[in-house]
Amino acid sequence: MALTGALAAGTQVPPGERVIDVRDLRMRYGTKDVLHGVSFAARRGEVLALLGPNGAGKTTTIEILEGFRMRSSGEVTVLDTDPARAGEAWRARVGVVLQSWRDHGKWRVQELLDHLGAYYRRYSTDLKSRPWPVGDLLEVVGLSALASTRIARLSGGQRRRLDVAIGIVGRPDLLFLDEPTVGFDPEARREFHDLVHRLTDVDDTTILLTTHDLDEAEKLADRILILNDGRIIADGSADDLSRQVAGESEIRWTRDGQRFVHSAANPTPFVRELLLQHGDAVEDLEVRRNSLEDTYIRLVHDSEGRAR
Amino acid sequence: MIETLRVGAARGLIELRQTLTNGQDLWGYFFPSVGLLITVFFTNQATVPGTNFSLGAATLPSSLGMLLAFGGLLTIAQILVVEREDGTLLRAKATPHGMNGYLIGKVIAVGGMTLFSVLIVLIPGAFLVDGLRVDLGGVLTLIWLLPLAVVATMPIGAAVGSSIENPRNLGFVMMPIFGLVAISGIFYPITGMPGWLQAVAQGFPIYWLGLGMRSVFLPDALASVELGDSWRHFETFGVLAAWAVAGLLVAPILMRRMAQRESGSAVAARRERALTTVGR
């Protein structure tokens, strides 16, 4: 399969630029293997999305990289250190945003950020002053008006934004985001996406995020990794991936107020024919290659077929 | 190190302020306090067997000893179990030096809470009963007894809290502790217990904390109704120190193991389980 060939080559990240470097990572619980030799790398300032069905091993992978879980075998280097043996100075350079935090309900928003920020003070450098000034941080995540609200009183979306603020209060070099926008309304999601872009642009932060939302992965990620059944089955930008999967393009147009949809493996001859026949009567012409969703479903499907 | 101490201490003071300005928590402090004061009030007319000293007046310092034990054993265990579940511990783990800051904060916050719960019994209680007195010897005893109470109980409480995964299992710890209170001579002199229960009670810190507090607040003549006709400061120190050593040996191991296991999916799994059991 063409896909396997592309994978063997992988996306090349020069060794010197690797913020994350994972080689042949394996994880076994009892007799069950949940990761079968995962390898990938991330470069500085890159946004990497980890996609995959439930149970594919996304959480296990991210927790090993966060240093929260011991691996069975394989080489893992995160910010030049093995997370399984990393110390507090490494911890200060890593930000973590998880899904199910309900902690510090009695604290006020600003109070908690001030407190947690204080742990990073000693890691401030000339290049990067830590922590992030809390006033600015509240502005960035849109919680300024709620600075003195008790955390237990925040709505779900506000709570998530606070979690993100806590994740970046130490101005991390690397940020892990686990399903960051679950429960966000579309506006909050848009604001969150802007925030991620700002982080990578201004601070050169490397971001590894997991998500179920393909649209989000496409918008945010420079590169997408698809994990299925403990293996990486695709690694590349959204465009790369859809090119890897031979599929049909969708052609839509309207003529005389009527809508038409047609699928073709190669859209060019079809469109030429269409325009020759109807000329300017063809309106709202759109040609769409495989959406990321099609690609994703196709890839996961194919890999499952191969595994059986 | 100094920086962590500073941040941790700030954390403890913030949490102390939060708990002392929260209606629900205050109710939690005053409710047992009122219960103890009522007990003291109604036993005030009774006398300690073999003396004409008020039983209520003897119960008051004993119950202070009990409150010290509760603060160190139960409060810490409870907080650890709850804060592991809501992700506070994971947050600490995700922060540089966060775990140390967390623990320093806890010692200060729980120490403050315990002191508060002692004071709201002692101050009104002192007006209810006659015969309490504190001399210089008593003050000196307090100076070594209070820190020793903290070191003897908090590590044990932390070890217990680290080994309990499910908040519902906290009950299994509460029951034996209440049982120990019943046999430790807090509400009635231990001399009235059968010999083997006396032996059991003397193996645990609650009896010794009660005894120590009685030695601070009661006239020395009352030592005659205690086991061995004395306040047994030497033995008090010995048993509490033994618990402190045991706790300080075991607690770090259990806590490290607990902390190692914390991860996003562990917190999520506990939450999931809590949600499914709530519905039942």
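Each chain gets a letter, A, B and so on, in the order its sequence line appears, and its residues count up from 1.
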Subject >> Closest contact, heavy atoms only, Asp103(A) versus Gly87(B) >> reply: CB-C, 3.8 Å
Original post:
Contact part of Ile14(B) toward chain A, heavy-atom cut-off under 4.5 Å: side chain, backbone, both or neither?
Top reply: side chain
Original post:
Does CZ in Arg102(A) sit with more than 12 non-hydrogen atoms of other residues, nucleotides or ligands closer than 6.0 Å?
Top reply: yes
Original post:
Where does Arg270(B) contact chain A at under 4.5 Å (heavy atoms): side chain, backbone, both or neither?
Top reply: neither
Original post:
How about Arg44(A): does its CZ atom have over 12 heavy atoms from other parts shown lying under 6.0 Å from it?
Top reply: no
Subject >> Glu88(A) side, atom CD; Asn100(B) side, atom CG - distance, nearest 0.5 Å >> reply: 7.0 Å
Subject >> Which atom of Tyr119(A) lies closest to which atom of Tyr102(B), heavy atoms considered >> reply: OH-N, 4.0 Å
**OP:** Could you tell me which non-hydrogen atom of Arg91(A) sits nearest to which non-hydrogen atom of Thr95(B), and how far apart they are?
**Re:** CG-C, 3.8 Å
**OP:** Would you please go through residues 60-70 of chain A and name the residues with a non-hydrogen atom below 4.5 Å from one of chain B, in numerical order?
**Re:** Glu63(A), Phe68(A), Arg69(A)
Original post:
For Asp163(A) and Arg91(B), which heavy atoms make the closest approach, and how far apart are they?
Top reply: OD1-NH2, 2.9 Å
Original post:
What part of Arg6(B) is in contact with chain A, defined as an atom under 4.5 angstrom from a non-hydrogen atom: side chain, backbone, both or neither?
Top reply: side chain
Subject >> Heavy atoms of other groups near Phe31(B) CZ, more than 12 under 6.0 Å >> reply: no
**OP:** List the steps and the verdict of side-chain contact (heavy atoms from CB on, under 4.5 Å) for Val7(B) and Arg121(A).
**Re:** CA-CA 10 Å; Val7(B) 178; Arg121(A) 206 174 292 139; 5.5 Å; no
**OP:** Name the region of Glu262(B), side chain, backbone, both or neither, that has any atom closer than 4.5 Å to a heavy atom of chain A.
**Re:** backbone
Original post:
Nearest heavy-atom pair of Tyr123(A) and Pro96(B): which atoms, and what distance?
Top reply: CE1-CB, 3.7 Å
Subject >> Residue part contacting chain A, namely of Glu85(B), when any heavy atom lies under 4.5 Å >> reply: both
**OP:** Output the option from Val82(B), Thr19(B), Thr4(B), Leu89(B) having the highest count of non-hydrogen pairs under 4.5 Å with chain A.
**Re:** Thr4(B)
Original post:
Within a strict 4.5 Å, meaning less than it, do heavy atoms of the Glu15(B) and Trp107(A) side chains meet?
Top reply: yes
**OP:** Please tell me if the side chains of Leu98(A) and Leu90(B) come closer than 4.5 Å, counting only heavy atoms from C-beta onward.
**Re:** yes
Subject >> Rounded distance [0.5 Å steps], NE2 in His104(A) versus CD in Gln18(B) >> reply: 8.5 Å
**OP:** Using a cut-off of 6.0 Å, state whether more than 12 heavy atoms not belonging to Arg198(A) lie near its atom CZ.
**Re:** yes
Original post:
So which of Asn22(B), Asp25(B), Thr21(B) actually passes side chain to side chain donor-acceptor pair (under 3.5 Å) with Lys106(A)?
Top reply: Asp25(B)
